[in-house]
Structures are given as C-alpha cells and as structure tokens.
Visitor: 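Dumping the structure here so I can ask a few things about it.
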Amino acid sequence: MSPSSTIQWDKFHNIIDGKQRGSDNIHHGVDPTTGQNLWAVPIGSEKDLDDAVKAAKKAFPAWRDTPIEKRKETLINFCNFLSQYNDDLTTLLCKETGKPRKDAADEVAGITRFLYYHCSLEIPTDKYEDDEKTIYTEYTPLGVCAGIVPWNFPLTLSVGKICPALLTGNAIIIKPSPFTPYTGLKFVELMQGFFPPGLVQAVGGNNELGAQMCEHPGIAKISFTGSIATGKKVMETASKTLKRVTLELGGNDATIILPDVDIKKVAPQVVIGAFQNSGQVCVATKRVYIHESIYKEFLAEMVNFTKTIKVGNPDDGDNLLGPVQNSMQYEKVKGIFNDSKTKGYKFAVGEPDISFSKGFFIKPTIIDNPPDDSRIVAEEPFGPIVPTLPWSNLDEVIARANDTHMGLGACVWGKDVERAMKVARRIEAGSVWVNSFEKPTPLAPFGGHKESGIGAEWGKTGLLSFMNAHVFHVYKSEPTKPSSKL
Ligand code: NAD
C-alpha cells in the first residue's frame with residue numbers, strides 16, 4: 001500500500017503482513033449516541049494471529065538493525081503524512097466513542113506531540129571502567145510485541161504502544177478493543193505505506209484473541225492497558241512463556257482539598273478532573289476529600305459548576321461531555337447509581353434514576369458524603385459520578401486515600417505548595433498532581449502502584465520497557481596467568 005492509496009473511511013480490515021484482510025466472522029461497534037450498529041469489522045482468528053506473528057518475525061531483524069536515527073525519521077515522515085487525515089480520524093473517533101469533537105480533535109493532535117517528543121529521546125547506555133575491564137550496558141529490542149488496548153482512548157493508547165515499540169526496534173501487533181475497533185485499525189492501515197510489511201500490524205477481535213496473544217510463544221511482550229481483572233488474567237497467561245508484561249490498569253484516584261484553597265477557582269477544576277471524558281479516564285478523580293471547614297462551600301461550588309455542564313452528541317455545540325462509551329459500562333455505572341439510591345445517599349447534583357434511552361447518556365452526578373465502605377467510594381465507577389467526603393485530620397485523610405488496593409493517580413490542592421507536596425509524597429500512587437487535576441503526559445513515566453499496574457509506559461522509562469538490557473564485559477587483555485578467582 002503506498003502513502004497515496006485512497007483511504008476508505010467506512011471499510012475496516014485487519015492488517016497482516018502489509019495487506020488488508022477480512023474475515024468470515026465479523027462484528028460491529030455501536031454508536032454510543034444512538035445505540036445503532038456502526039460498520040462491520042473482522043474478528044481475527046487464531047490463524048490470522050499466527051500469520052501476523054510469522055510476518056512480524058520476518059520483519060523484525062532488518063528493523064532492529066536499522067539505525068535509530070533512520071527509525072525516527074520514518075516515524076516523523078509518517079507523522080507529517082498523517083496530518084492530512086486529522087479531520088477524518090477525529091470524525092471516526094467521535095463516531096466510535098461519542099466524545100465531544102473538541103476532545104476527539106485533541107486526542108488526534110496529541111499523536112503528533114507524542115511522536116515528536118518520543119523521537120527526541122535517546123536510548124540510554126552506561127559504561128563502567130576499571131583497570132582490567134570495561135562494562136558496557138546497552139539495550140536491545142525484544143522482538144515481536146503485542147499491544148492490547150481498551151476503549152476509552154483508543155487512538156492515544158494505541159499510539160502509546162506502537163510508537164515506543166517501533167522506535168526501539170521492535171515489531172508490534174495491536175489488538176483494539178472490540179468496543180472501539182475503528183481508529184486503531186485505520187491508524188495501522190495508514191502506517192503501511194511507511195513501514196515494511198509485518199512490522200506494524202493490527203488484528204481486531206474479541207477478548208479471546210487477547211488471551212491467544214498472551215499465550216502465543218512467538219510474542220515476547222504484552223503491553224496491556226485495561227481493567228485490573230483482565231490485567232491479572234494477562235499476567236497469568238503470559239507467565240506460561242515468561243513474556244514481559246507492562247500492565248496499565250484501573251485506579252480509584254483520591255483528591256485531597258486542603259483548607260487554604262481558593263474555593264471558587266479550585267472547585268470547577270476538580271469537577272473537570274472527575275468528569276473528563278465522562279469519568280472514563282483511568283486517572284479521573286474518583287474520590288474528593290474536602291476539609292470540613294470548607295466542605296459545604298466547596299461542594300456548593302462543585303454543584304454550581306456541574307449544573308452548567310452540557311452533555312450531548314459530539315457535534316452538538318459546546319458540550320463538555322458525551323455519553324458513556326458502551327452498554328456494558330453503562331450498566332456498570334447504573335449499578336452504582338442504583339446502589340447509591342437504594343442506600344439512601346444524598347445526590348448533591350444529578351438524578352438517581354438513569355435509564356437507557358437512545359444513547360448511553362448520563363448527567364454528571366455528585367454524591368454527598370457516602371460511607372467510606374460504599375460502592376461509590378470503594379470501587380472504580382468509570383463513569384460521571386463522584387463522591388465528596390469531609391475530613392478533619394491530615395493523617396486520617398491520607399490513610400483513607402491510601403486505603404485501597406489501587407494506586408494509579410491522586411491530586412492534592414493547597415495554596416501552600418510545600419505543604420501540599422508533603423501530603424503528595426505520602427500518597428501511594430504512581431502519579432500525584434499538585435494543584436491540578438490529572439493530566440497524563442509522556443514527559444514522565446506513567447504507571448500504577450499496588451494493583452493499578454506493573455511497570456510504566458511512555459517517556460524514557462516506557463522506551464526501556466520494550467527492551468532487554470544487553471551487557472558486555474570487555475577485558476582489556478588476555479590473562480597472563482590462570483586466575484585463581486571465580
Ligand atoms: P478490559 O480489561 O475489559 O479490556 C481491555 C482490553 O483487553 C480489550 O482489548 C479486551 O478485548 C482485552 N481482553 C479482555 N480479556 C482479555 C484476556 N483474557 N486476555 C487478554 N486480553 C483481554 O478493559 P476496558 O473495559 O476496555 O477498559 C477500562 C479499564 O481500563 C478501566 O479499569 C480503566 O481504569 C483501565 N485503563 C487504564 C489505563 C492506564 O493507563 N492505567 C488507561 C485507560 C484505561
């Protein structure tokens with residue numbers, strides 16, 4: 001396929017060994033704004049996966065041996081070519097996720113930033129020298145990698161695996177989520193004009209295909225983003241062949257509001273942190289702990305701002321939020337609404353009764369001071385509903401924030417930045433934001449503590465997660481006499 005081939009935005013294929021491939025077995029994504037089926041996509045078979053692994057193995061050695069500067073140049077050339085399709089990709093992303101056009105455009109624009117930033121990074125090396133030897137530490141690619149992607153940021157999270165894998169000299173096979181297969185498949189199709197056949201491939205399919213990837217002896221690494229429950233299965237299956245795994249999993253981010261914050265400025269920001277992408281962000285704010293001295297006023301400001309948030313279709317004017325992405329997630333969030341209603345918790349804003357109509361829309365909702373062991377506090381809802389909780393003692397609130405098996409992100413807000421930092425250091429989470437809601441960036445490693453993940457992706461750390469350390473111990477001369485030491 002040449003870079004100038006016509007791109008069809010309503011036809012979707014698996015991409016195996018540089019070619020488009022269909023399947024007898026198809027499924028459809030669903031438009032979350034209407035509940036209607038979208039275009040047909042092939043479900044990859046075990047044979048498709050085997051063929052992809054064979055093609056990747058063939059493509060790998062030459063790419064591994066291509067100088068990194070050349071690899072970077074190819075990625076940048078592809079990135080420049082891609083910009084002509086930004087609008088098409090944005091429209092497709094809106095269709096499959098239902099997110100507001102502005103957010104989808106931002107996700108697409110983020111690809112360029114991500115690729116350029118990663119292409120500015122160097123793979124580190126290290127050298128130790130003494131009188132008898134020099135030890136060189138270098139890093140070499142793993143071989144054939146697989147990326148398994150969820151549905152909340154289908155494009156960002158695909159690119160976040162493809163780009164570091166290729167940059168470091170690997171081949172990669174991507175499996176998009178069956179809920180959002182379209183942008184992932186199209187993105188890999190667009191790459192084909194720039195990369196040798198088999199180097200970057202996409203096999204769409206269901207959860208079983210994901211499990212087959214974890215089992216496949218020809219795959220060296222699984223880069224997985226998704227739920228904790230699936231992450232555990234991935235690790236278990238991948239352990240049979242001792243594959244490398246990076247697991248980017250769920251979270252239950254606590255936000256701690258210190259008593260000295262500027263309430264009017266901070267409360268709307270905290271609301272955005274909780275409801276961004278309709279709460280379907282691994283590091284969305286999921287519990288808001290507000291100092292008791294300002295609890296009422298802070299909650300009132302959160303409620304006022306939440307009431308101004310418009311929810312609707314991607315192109316309906318100035319909507320801040322779209323629907324929940326799929327019916328499975330909608331039902332899960334509905335379960336948390338029902339639980340909160342049944343237990344008699346106070347809805348500060350939002351409606352207890354959500355019912356499925358045409359699309360999976362839910363109004364942003366705040367639950368006022370539910371118990372610490374309630375579902376809305378203890379679980380990750382992954383939807384537009386968040387609890388607020390008063391606190392009075394700093395040690396006690398830090399203990400409550402840490403009282404979870406998850407540890408992905410957290411926020412601390414306070415005018416005294418040094419004091420806020422002291423609190424931040426005591427939070428058990430991979431990323432803690434001080435005076436900001438959660439804004440993931442490739443400028444730093446992104447990963448979770450506890451059950452929120454293993455390893456980290458993006459940035460320099462992310463590059464090394466696609467490599468093996470390769471160490472050379474070079475002695476300066478041959479030994480003059482046999483060594484008595486081992
Ligand atoms: P999921 O775990 O249900 O699915 C994720 C992917 O795994 C899909 O492609 C799915 O087909 C595949 N899969 C399912 N079963 C599998 C198996 N047994 N073996 C291998 N692959 C399998 O997650 P989801 O519902 O798509 O995503 C939502 C979750 O992802 C939330 O918990 C969210 O917090 C988390 N998430 C984490 C991050 C992060 O970077 N930490 C980012 C986004 C989302």
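Indexing begins at 1, ligand by ligand and atom by atom, following the structure's order. All of these numbers come straight from a predicted model, not from anything done at the bench.
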Visitor: Taking everything shown except K72 itself, do over 12 heavy atoms lie less than 6.0 Å from its NZ?
Guide: yes

Visitor: Flag yes if more than 12 heavy atoms outside K95 fall under 6.0 Å of its NZ atom; otherwise flag no.
Guide: no

Visitor: Assess, by modelled atom type and distance only, whether the side chains of E457 and S223 contain a donor and an acceptor separated by less than 3.5 Å.
Guide: yes

Visitor: Do any nitrogen or oxygen atoms of ligand 1 lie under 3.5 Å from a protein nitrogen or oxygen, and which ones?
Guide:
unit_1, atom_1, unit_2, atom_2, d
ligand 1, 2 (O), S227, N, 2.9
ligand 1, 2 (O), S227, OG, 2.7
ligand 1, 2 (O), T230, OG1, 2.7
ligand 1, 9 (O), V149, O, 2.8
ligand 1, 9 (O), K175, NZ, 3.1
ligand 1, 11 (O), K175, NZ, 2.8
ligand 1, 11 (O), N207, OD1, 2.7
ligand 1, 19 (N), A211, N, 3.4
ligand 1, 23 (O), S227, N, 3.3
ligand 1, 25 (O), W151, NE1, 2.9
ligand 1, 26 (O), W151, NE1, 3.2
ligand 1, 30 (O), G226, O, 3.2
ligand 1, 32 (O), E380, OE1, 2.8
ligand 1, 34 (O), E380, OE2, 2.7
ligand 1, 41 (N), L249, N, 3.2
ligand 1, 41 (N), L249, O, 2.7

Visitor: Is there a donor-acceptor contact under 3.5 Å from the side chain of Q269 to the main chain of V266?
Guide: no

Visitor: Apply side-chain contact (heavy atoms from CB on, under 4.5 Å) to I174 and F187, showing your working.
Guide: CA-CA 10 Å; I174 281 287; F187 184 78; over 6 Å; no

Visitor: Taking atom CG of D368 and atom OG1 of T388, what is their separation to the nearest 0.5 Å?
Guide: 5.0 Å

